[in-house]
Amino acid sequence: MYIKAAETRTKGGDPACGYRLVKSERIGGRVRQIALLDLGTRFAVIREKWREPCHIAEMQQAG
């Protein structure tokens with residue numbers, strides 16, 4: 001799992017950067033990215049600390 005920054009648009013049409021928690025899976029011989037959680041445009045965690053929420057989500061998914 002990892003956090004992906006994606007270019008989006010606001011309701012007013014202005015450009016913004018949205019963040020998503022995604023995982024990669026091999027489906028039918030191809031690698032696909034599956035969005036697990038939309039983190040919004042105001043995701044306030046600095047890039048060096050992005051691994052921590054990913055690790056927590058992996059642990060919760062594993063049970």
Side-chain angles (χ1 to χ4, degrees):
M1 281 186 216
Y2 57 97
I3 295 175
K4 178 181 179 179
E7 291 293 322
T8 60
R9 298 265 178 195
T10 63
K11 289 183 181 179
D14 298 325
C17 187
Y19 299 92
R20 294 183 182 105
L21 179 67
V22 298
K23 71 175 182 176
S24 296
E25 281 188 4
R26 185 168 295 276
I27 300 173
R30 304 184 102 183
V31 177
R32 302 287 181 174
Q33 293 177 347
I34 300 170
L36 301 175
L37 181 65
D38 185 10
L39 301 170
T41 57
R42 297 183 183 176
F43 184 64
V45 178
I46 60 173
R47 191 174 194 100
E48 289 80 27
K49 302 270 183 177
W50 280 9
R51 186 65 194 137
E52 293 174 27
C54 295
H55 182 68
I56 292 169
E58 287 172 352
M59 288 175 52
Q60 286 180 342
Q61 194 174 34

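In this structure Ala6 satisfies the side-chain contact (heavy atoms from CB on, under 4.5 Å) test together with Arg20, sequence neighbours excluded.
Screening residues 38-47 for salt bridge (charged side-chain N to carboxylate O under 4.0 Å, His left out), with sequence neighbours left out, gives no hits. The side-chain hydrogen bond (donor to acceptor under 3.5 Å, both in side chains) pairs that include a residue from residues 6-17 number zero, where partners must be two or more places apart or lie in different chains.
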Solution key, residues 49-63 side-chain donor-acceptor pairs under 3.5 Å, sequence neighbours excluded:
unit_1: Trp50; atom_1: NE1; unit_2: Val45; atom_2: O; d: 2.9
unit_1: Arg51; atom_1: NH1; unit_2: Met1; atom_2: O; d: 3.3
unit_1: Arg51; atom_1: NH2; unit_2: Glu58; atom_2: OE1; d: 3.3
unit_1: Glu58; atom_1: OE2; unit_2: Met1; atom_2: N; d: 3.1

Tell me which donor-acceptor pairs under 3.5 Å the side chains of residues 23-35 have, and how far apart each pair is, sequence neighbours excluded?
unit_1: Lys23; atom_1: NZ; unit_2: Glu25; atom_2: OE2; d: 3.0
unit_1: Arg26; atom_1: NH1; unit_2: Gly29; atom_2: O; d: 3.3
unit_1: Gln33; atom_1: OE1; unit_2: Lys4; atom_2: NZ; d: 2.7
unit_1: Gln33; atom_1: NE2; unit_2: Tyr2; atom_2: OH; d: 2.8

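Hydrophobic clustering, with ILVMFWY side chains joined whenever heavy atoms are under 4.5 angstrom apart, groups Leu21 together with Phe43.
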